[in-house]
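First up is the structure itself, then whatever we jot down about it.
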Number of protein chains: 2
Amino acid sequence: MALPRNKSRRVTLDDVATRARVSAVTASRVLRKPEMVSADLRARVDSAVRELAYIPNQLASALASNHTGRIGVIVPSLTNGVFGDYLRALHDVFIPAGFQVLVLNSHYLAGREEKAIATMLGQFPEAMILAGVDQTPQARKSLLQAGIPVVQTMEMTDNPIDINIGLSQREAGYVAARHLFDLGHRHVGQISAPHDARSRQRLEGYLQACAEFQATPMLASTEEPCTVLLGGELLTELLTRWPKVTGLFCGNDNLALGAMFECQRRGIRVPQDLSIMGFNDLEVSACACPSISTIAVPRYEMARRAAEIILEITRGTGKRPKQRRIDLGFKLIARDSTGRAS
Amino acid sequence: MALPRNKSRRVTLDDVATRARVSAVTASRVLRKPEMVSADLRARVDSAVRELAYIPNQLASALASNHTGRIGVIVPSLTNGVFGDYLRALHDVFIPAGFQVLVLNSHYLAGREEKAIATMLGQFPEAMILAGVDQTPQARKSLLQAGIPVVQTMEMTDNPIDINIGLSQREAGYVAARHLFDLGHRHVGQISAPHDARSRQRLEGYLQACAEFQATPMLASTEEPCTVLLGGELLTELLTRWPKVTGLFCGNDNLALGAMFECQRRGIRVPQDLSIMGFNDLEVSACACPSISTIAVPRYEMARRAAEIILEITRGTGKRPKQRRIDLGFKLIARDSTGRAS
DNA sequence: TTGTAGGATGATAGCGCTGTCAATTGCCCC
DNA sequence: GGGGCAATTGACAGCGCTATCATCCTACAA
């Protein structure tokens, strides 16, 4: 006969039940479906729970009920402001609905993402939400096999694993670049950190605009993770090679901010000497001086929709959305950092 | 007799064992302690695992082994750059060590933190890492009862739950304010978002410096979550009430950045007309223009130490650090946003 | 008074895995 | 050739909880 393994025994449901002089099942019900239990017993159990500071063992609960109440989320970065809003939206929907949100970070690496997906699947989430659409074949396979709703977000793809809700990053990049060309700029450069697949898509949009306006693409990029500092460095690199640049499309708002600071340091006036365009509409962009023109992506809305679709499938009648692909679009926000070419 | 509840049965260890013609225990061992199993059986099990695409059920594993391999982390914010570095450090230590890091967000609310702690404890983490030292009594009780290592970080307390590693926020706030007084400023204002306990501590440091220099405290604050935008708004508020301010201590670097932008908008020169001091040394502060003076807190190091202490306790001989309280200090970083009073 | 519907409560049997220990095997050495 | 030992392998009993169904009440109609 095995000895009890938990020396420093944590309080279990049985302890609560014993103290409340009811069966374990009743104690369990008080916690899950209180309306099924008489007021008398409910009060006894409740106070036993409080007195013992009982915390249910979710592991055991999940194992027994085959229902983990978990949603797996993989994002490429936690610090990026974009995912702050994104995660907030997920929490706003899932927490009140009684779900837990588990977040893993892929650090913008496909390999890390594959591993994160495998790890997450081992926790038996009831649905998965992914950023991006470029999962490895192996990851796609496991996801499919798990038989749970999977939502790919942030980008659009013709071949979603399950459900896809996002926007065309390429088109958004095109619109951003086009904004500069439309303002009369003919020497429009681009700086980016294209280890991010979405950043690459935006770059393609920029290249398309260049082709359309018969302008030479002027690029500076880095494989390092994106920071404000890099914005300044990449601008420096760009200006060294192409001093005639009057328009700059930055892969995201942090780079734009860094580029703007670099301009201030060099006495380059924004937008008179250089028009700067960001991407993502982070909080800082609106209140920078000058305020930064950018592309607003509906990241909160996107995550909210993803979460609601999952709730619908999971708890509702299991019905899936009519369309598997939902394009939420984006919005050009013209502010003070971009102006007419002189 | 109950029917099997898992209709869409996922592959279990038994399936693997059956296919490999071994017992479940052996299959389990192949996955956990392969060196204990003969090469022959190991190969059979391995290929069965692959053929069936078996994913171990971590829930069941954790329940049976009383060992979850999880570390619970509660932070007040995910978007704040401070916690980006902090979480990175935790990952850097724990992931290679085979642990999973679960992060929950308390949104700077004691109530949310208490709930997050309860939720986390329900997952049976092997240790908990908390930001701050002001957990509710109820939370303290559960934490104590859980009988796992608990590390409180970011601040110092005389009465730690278990282990405390941080710095004196009050002292750091004092040093920040003092820096302005030392530069000859006599009208030094402070803006902050004191819903954050650490922000309040820094405010106290500021008040202490004011008292010491017989200066009138000049405050503007908000209960809203801290943003760059707020930095500008609070500065406006402050200047309206105290136009003579020449030194400004901001509760954190985001506020400082916002304040700096507001100065640019109003034609206030930094540091000639107004010296601005931030807090935290976020990435942006070093490359802003002008660069922002601030207090650097060893957030990466702090989290790394916390993680290593936990590893030591958990897997090592269970030995605890010699001292329960570790003060890592901070560093004043004087940059271009602060200058001598004229 | 009896029958019965329906709500409240409890007994039982697992969920998928691992700790423990017993059983079996092969091998070496005296 | 037999004893002893280490290396393998397996049987069994839970981990703490919940699904399921049986049981027990109470109330109300006949």
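Quantities reported herein were computed from a predicted structural model and do not represent experimental measurements. In the text below, chain A, chain B and the rest are named by the order of the sequence lines, each starting its count at 1.
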Do the side-chain N and O atoms of Arg70(B) and Gln58(B) include a donor-acceptor pair separated by under 3.5 angstrom? no
Enumerate donor-acceptor pairs with a distance under 3.5 Å from any side-chain N or O in residues 141-151 of chain A to protein atoms, sequence neighbours excluded.
from, atom 1, to, atom 2, distance (Å)
Ser142(A), OG, Gln138(A), O, 2.9

For the side chain to side chain contact (heavy atoms under 4.5 Å, CB included) test, which of Ile313(A), Ile129(A), Ile310(A) pairs with Ile163(A)? Ile313(A)
Among residues 40-49 of chain A, which ones have heavy-atom contacts with DNA chain C below 4.0 Å? Leu41(A)
Spacing between Phe124(A) atom CZ and dC15(C) atom C1', to the nearest angstrom: 11 Å
Under 3.5 Å side-chain donor-acceptor pair for Glu114(B) and Thr136(B): yes
With rounding to the nearest 0.5 Å, note down the distance linking CG in Leu90(A) to CD1 in Ile95(A). 9.5 Å
Would you please test Asp46(B) and Arg50(B) for salt bridge (Lys or Arg N to Asp or Glu O under 4.0 Å) and show each step? CA-CA 6 Å; Asp46(B) 276 338; Arg50(B) 227 167 310 110; 5.3 Å; no
Please report the C-alpha distance between Thr79(A) and Phe83(B) in whole Å, then the side-chain angles of each, then the deciding distance to 0.1 Å, and finally whether the side-chain contact (heavy atoms from CB on, under 4.5 Å) criterion is met. CA-CA 8 Å; Thr79(A) 30; Phe83(B) 294 103; over 6 Å; no
Quick one: list whatever passes ring pair (Phe, Tyr, Trp, His ring centres under 6.0 Å) with Tyr108(A), sequence neighbours left out. His195(A)
In whole angstrom, what separates Glu35(A)'s CD from dG7(C)'s P? 12 Å
How long is the line joining CG of Asp15(B) and P of dG16(C), in whole Å? 9 Å
Which atom pairs link the protein and nucleotides 22-26 of chain C when you take only N or O atoms and keep those under 3.5 Å?
none

Whole Å only: how far is the NE2 atom of His67(A) from the C1' atom of dG16(C)? 18 Å
For Thr12(B) and dC15(C), is the shortest distance between a side-chain N/O and OP1 or OP2 below 4.0 Å? no
Return the residues of residues 20-34 of chain A meeting this criterion: a heavy atom under 4.0 Å from some atom of DNA chain D. Order them by number, or give none. Val25(A), Ser28(A), Arg32(A)
Considering just the side-chain nitrogens and oxygens of Ser38(A), establish if one lies under 4.0 Å of OP1 or OP2 belonging to dA8(C). no
Verdict with reasoning, Leu102(A) to Gln100(B), per side-chain contact (heavy atoms from CB on, under 4.5 Å): CA-CA 11 Å; Leu102(A) 293 192; Gln100(B) 259 184 75; 5.8 Å; no
Do the side-chain N or O atoms of Tyr54(B) get closer than 4.0 angstrom to the phosphate oxygens (OP1, OP2) of dC17(C)? yes
In whole angstrom, what separates Asn66(B)'s CG from dC17(C)'s C1'? 13 Å
Between Asp15(B) and Arg19(B), does any NZ, NE, NH1 or NH2 come within less than 4.0 Å of an OD or OE carboxylate oxygen? no
For the side chain of Ser28(A) and the backbone of Ala24(A), is there at least one donor-acceptor N/O pair under 3.5 Å apart? no
Using salt bridge (Lys or Arg N to Asp or Glu O under 4.0 Å), reason through Glu308(B) and Arg305(B) one step at a time and then give a plain yes or no. CA-CA 5 Å; Glu308(B) 278 169 358; Arg305(B) 289 282 292 275; 5.8 Å; no
Check whether any side-chain N or O of Gln152(A) sits under 3.5 Å from a backbone N or O of Ile161(A) as a donor-acceptor pair, and report yes or no. yes
Could you give the CG-to-C1' distance, from Leu59(B) to dC15(D), as a whole number of Å? 12 Å
Any side-chain to backbone donor/acceptor pair from Thr153(A) onto Gly166(A)? Under 3.5 Å, distance only. no
To the nearest Å, how far apart are Ile55(B) CD1 and dC17(C) P? 11 Å
Spacing of Leu63(A) atom CG relative to dC15(C) atom C1', expressed in whole Å: 4 Å
Work out how much the helix from dT1(C)-dA30(D) to dC30(C)-dG1(D) bends between its end axes, five pairs an end, to the nearest 10 degrees. 50°
Asn57(B) side-chain proximity, nearest of dG16(D), dC17(C), dT18(D): dC17(C)
